[in-house]
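Each chain gets a letter, A, B and so on, in the order its sequence line appears, and its residues count up from 1. As the structure is a prediction and not an experimental result, all values here were calculated from the model.
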Amino acid sequence: MVVASAGTLAGHIKKGAYFDSVTLMTIGRHVQGLPGVLDAAVVMGTPENRAILAASGLLLPEFEQARDTDLLIALKLAEAGRVETVLAEIDQQFQLARSRKTQGAEARPRSLDGALEVLPGANLALISVAGRYAADEARAALERGLHVMLFSDNVPIDQEIALKQLAAERGLLVMGPDCGTAIVNGVPLGFANVVPRGAIGVVAAAGTGLQEVTTLIARGGGGISQALGTGGRDIKAKVGGVSFATALEALADDPHTEVILLIAKPPDPLVAERLSAIVKNVTKPVVTLFLGDRGGAEAGPATLEEAALAALALWRGADLATGLAGLPGRGQDQLAEAERMAARLPASRRYLRGLFSGGTFCAEAQVILAQDTIAAGRGFPLLAPLFSNAPTGATARLDSALVSQAHTVVDLGEDEFTQGRPHPMIDYSLRLRRLAAEAADPEVAVVLLDVVLGYGSHEDPASELAPAIAAARDRVAVVCSVTGTEADPQSRSRTVRQLEAAGAVVAPSNAAACHLAGWIARLQEDRHLGNTEPPAIVHPQENRP
Amino acid sequence: MTRLGDLFDQRLEVVNLGLESFASTLRQVGAPTVHVDWTPPLEVESNARGVVRANSERIAAANARALARILAGMPQLVGMGLARDVIPGLTEDTLLHAGPPISWERMCGPMRGAVVGALLYEGRSRTQQEAERLAASGTIRFAPCHEHAAVGPMAGVVSPSMPVFIVKNAEFGNLAFATMNEGLGKVLRYGAFGEDVVRRLHWMADVLYPVLARALARLGSMDLKNVIAQALHMGDEVHNRNRAATSLFFRLVAPAIARTSSGEDAGSVLEFIHSNDHFFLNLSMAASKATLDAARGIADSSVAVVMARNGTDFGVQLAGTGDAWFTGPAEVPDALYFPGFSKADANPDIGDSAITETNGLGGFAIAASPAIVQFVGGGPADAIRYTTQMYEITAGENTTYQIPGLDFRGTPTGIDVVKVVEKAVLPFIDTGVAHKEPGIGQVGAGVLNAPAQPFVRAYEGLARVLQGGAR
């Protein structure tokens with residue numbers, strides 16, 4: 001209790017101004033927190049309250065005659081000059097109290113069950129809680145008849161298997177765990193782009209792969225019926241492709257889906273067999289891309305871009321070759337562009353450094369740079385040796401994800417980078433630092449970046465990247481791909497303009513960006529080795545019967 | 001066609017658990033979405049969750065039985081008597097107190113003050129020092145009110161000479177007891193024990209008690225369930241606001257008092273009741289106690305039949321775990337403090353009054369009480385949200401106690417400890433705040449969420465019982 005010892009005592013009576021005691025206590029507490037206020041009381045003038053004021057040393061002589069319906073304001077201030085200011089503030093608080101709007105009525109359920117009371121028609125649960133809790137929530141959702149998109153990662157594989165078993169029993173779909181993106185009934189879930197609805201249905205066990213093909217289809221004039229993710233682990237032997245098969249079968253039955261596009265890294269052989277058995281019975285066209293494993297089907301698409309173009313061609317009633325017809329000419333143009341860009345670089349700068357936010361893009365880069373048939377005519381990979389923190393195929397593992405070696409592609413979405421940090425599609429700080437470090441490396445010729453737009457991603461990635469690219473452009477070539485559409489919140493064209501203005505070359509797809517960057521590094525390496533024989537372009541398209 | 005195919009023909013409606021930005025996206029594109037304010041479940045012993053989950057059907061069935069008994073309760077005020085005459089097991093050396101069991105050594109200031117006041121009132125000691133020596137001597141047996149079918153607000157001290165209300169659960173026959181409310185200011189239940197406090201206690205025994213007892217005898221009995229149900233429609237939640245219920249009580253007893261007592265006594269008693277907005281609190285507590293005691297001893301049930309605090313510990317008892325107390329430290333409430341006081345003056349939460357929340361009243365019915373919702377630091381909409389959240393942790397909804405503002409929905413009733421732990425949603429309690437020093441009294445009022453530990457322990461305790469008694 002404050003005892004009157006120092007300070008100025010000031011009082012004020014408002015006749016007949018009734019406020020309930022809680023409002024008065026609230027305002028009293030507010031007043032006590034104002035600068036220069038040593039103690040304060042805002043009370044109705046009842047005898048009990050006057051006794052309390054007396055005990056606190058706040059009873060002013062003029063309060064003696066107050067009645068129950070009078071409002072008493074007693075202030076003890078550090079300096080007398082503040083009285084008017086504080087009284088004005090109290091007046092404002094009373095006005096606020098009178099006009100307080102009802103707020104916070106929006107329901108804030110604390111659990112799935114609470115949410116279902118508010119939204120009894122819910123048919124999908126989007127779960128992104130920490131991995132150790134995610135399976136429990138997913139199970140509860142399945143038990144209540146909801147489909148599940150499990151964005152969370154770090155869900156143990158036995159829990160994944162159990163969830164998918166339960167889902168299969170109930171005819172439900174589990175997308176994930178670690179499913180970053182999907183488009184269901186035109187609604188973007190997680191990280192997803194704004195694409196028109198249409199007739200091409202996608203099933204993907206590769207998150208950014210799904211974003212790449214859906215945006216390329218949209219930019220190519222097509223639309224998406226459904227784009228369903230499964231999480232990368234679904235196609236492993238242990239899980240058995242349960243979700244992939246469910247999604248595929250649903251699209252096969254879906255009257256709004258005319259063409260089906262399947263995207264995955266190479267599945268377990270038994271899973272691949274199971275899926276191809278389903279595909280055989282599908283009566284509509286199916287395009288399959290198992291990135292890095294064409295399973296002998298050399299006529300099939302090799303990249304996400306080719307897969308999207310193939311799906312578009314089939315949807316238009318054309319054949320696959322027609323869909324890919326434009327690519328060889330672009331390859332020639334890219335080689336010319338690579339030569340122009342390489343000409344600006346000293347011969348000592350010869351390595352490629354890919355800094356990826358999308359895991360599928362990092363894998364696709366390895367397929368293109370180390371294994372692509374463009375280089376097949378030369379009898380050796382386009383770039384070697386190639387290193388990665390997420391190696392596939394012939395790629396070697398980096399000693400440390402933090403330090404590049406020779407040609408390197410890094411997936412910054414891997415665990416070693418995301419512990420306690422937002423995903424690199426949201427938080428660009430790590431990539432910006434790495435971009436500066438790579439440009440400063442005197443052996444680096446080209447930095448390759450993926451920029452992913454859409455809901456969930458950074459709201460303006462160009463604003464982050466442009467200054468860093470401008471700072472690096474005089475030393476290295478910067479090649480970007482921008483995954484997105486005009487309708488995305490960030491607008492693809494605006495993003496591209498800003499990146500180009502900063503000095504980057506923006507390719508139409510991740511595959512195209514990999515080709516261009518790969519050629520720049522290849523040309524520089526040849527210069528460095530004194531190999532002046534001009535590279536021969538052999539595009540897969542020209543090999544086809 | 002799978003159900004996934006059906007989904008393609010429906011409007012997508014999403015429950016979002018986790019990153020709120022995903023919900024914002026969904027709202028932006030116009031998809032019906034509810035975002036869950038999700039928190040991880042409370043941590044329990046490694047195998048407890050598995051045991052509880054394996055027995056979930058048994059628990060649900062037991063909880064349905066417990067809830068049915070709670071909802072069927074018919075608390076009636078049937079009369080009054082002296083504590084020593086009517087409360088079972090209350091010997092001359094026994095003092096009852098609020099909350100779980102506690103020794104004199106561990107008692108907080110206000111409870112010690114109330115013990116001193118009670119010993120002075122009983123004439124067992126003449127001074128504070130004498131009373132403290134007696135309390136520490138081991139002669140006095142301290143026992144929870146709850147173990148004697150009684151409840152007491154704040155310190156909740158009941159001594160043999162105190163008059164108590166007798167509430168009977170007419171449906172099941174069990175009785176509950178509570179003292180009469182002394183009013184606000186310096187009172188025994190807040191640990192005050194000055195001369196005026198003791199004098200008031202004597203007046204209550206000598207004037208208030210006989211007047212009320214005669215009036216109640218004339219009335220026969222009073223249906224407390226009905227009074228509470230009406231009061232909820234009049235802006236009370238019968239824990240922190242009892243103005244309407246007290247007024248209803250006043251209306252019911254006044255004619256009987258006028259007919260059975262002299263003018264002066266009748267006047268002073270009616271004045272006393274009129275001037276104390278909390279007079280009904282002790283009756284709402286006894287009504288809740290009589291109601292919940294009928295749900296004790298239902299094997300496998302995870303429904304709480306007691307939440308109570310002694311100013312040091314917060315204790316919980318379950319329908320399915322017998323007489324076991326599950327406790328953890330009581331917390332200092334966030335409150336609005338009276339002028340001159342702050343949180344630094346406050347004692348940790350104290351009193352048996354959380355029996356009202358246990359019975360679906362108080363904080364669980366705060367949406368019915370717009371006049372006091374500002375204690376939560378918000379408006380009526382916040383209160384609705386608090387009550388709405390409590391539906392997530394209860395076994396069901398009340399069939400008698402309703403909330404007008406929620407379209408007369410029944411209040412959330414029957415706290416299910418399994419839900420509390422698995423959803424990490426802790427019961428919401430209205431409370432008064434006592435000064436931590438004895439003898440000063442109430443310094444504020446506010447709300448708080450119950451501490452987690454007693455509920456975690458209760459959950460683990462139930463798991464042990466379920467495992468031990470695997471049938």
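Your options are A/Gln32, A/His147, A/Glu117, and the one with the most heavy-atom pairs under 4.5 Å with chain B is A/His147. For the set A/Leu124, A/Thr257, A/Leu251, the entry with the most heavy-atom pairs within less than 4.5 Å of chain B is A/Leu124. Ranking A/Ala40, A/Gly121, A/Ala41 against chain B, the residue ahead of the rest is A/Gly121, based on heavy-atom pairs under 4.5 Å.
Contact check for A/Leu189 versus B/Val14: side-chain heavy atoms found under the 4.5 Å cut-off. By the 4.5 Å heavy-atom criterion applied to side chains, A/Arg110 and B/Glu392 are counted as neighbours. In this structure the side chain of A/Leu126 never reaches within 4.5 angstrom of the side chain of B/Leu17, judged on heavy atoms. B/Val425 places none of its side-chain heavy atoms less than 4.5 Å from the side chain of A/Ser111. Here the side chains of B/Trp38 and A/Tyr133 are in contact, with some heavy-atom distance below 4.5 Å. Between B/Thr25 and A/Pro188 the shortest side-chain heavy-atom distance falls below 4.5 Å. Between B/Pro32 and A/Leu119 the shortest side-chain heavy-atom distance falls below 4.5 Å.
The part of B/Leu26 that comes within reach of chain A is its side chain, from C-beta onward, which places non-hydrogen atoms under 4.5 angstrom from that chain. For A/Ile127, the parts lying near chain B are the backbone and the side chain together; criterion is any non-hydrogen pair under 4.5 Å. Neither the backbone nor the side chain of A/Val42 comes within contact range of chain B; no heavy atom of the residue lies under 4.5 Å from a heavy atom of that chain. Neither the backbone nor the side chain of B/Ser24 comes within contact range of chain A; no heavy atom of the residue lies under 4.5 Å from a heavy atom of that chain. Proximity to chain A is limited to the side chain of B/Val29, based on heavy atoms less than 4.5 angstrom apart. Only the side chain of B/Gln28 comes within contact range of chain A, judged by heavy atoms closer than 4.5 Å. Of the atoms belonging to B/Gln10, heavy atoms from both backbone and side chain fall under 4.5 Å from chain A.
The shortest heavy-atom contact between A/Ala250 and B/Leu4 is CB-CD2, 3.5 Å. In terms of heavy-atom proximity, B/Gly340 sits nearest to A/Asp39 at N-OD1, 4.5 Å. Closest of all the heavy-atom pairs between A/Leu228 and B/Phe8 is CD1-CZ, 4.0 Å.
Remark: A/Asp254 CG to B/Asp9 CG distance equals 7.5 Å, nearest 0.5 Å.
Without hydrogens or angle criteria, B/Glu13 side chain to A/Asn123 main chain gives no donor-acceptor distance under 3.5 Å. Side chain of A/Asp253 to backbone of B/Gly5: no donor-acceptor contact under 3.5 angstrom is found.
Using a 4.0 Å cut-off between charged nitrogen and carboxylate oxygen, B/Arg3 and A/Glu249 do not count as a salt-bridge pair. With respect to A/Glu143 and B/Arg53, no salt bridge is recorded, no charged nitrogen being found less than 4.0 Å from a carboxylate O.
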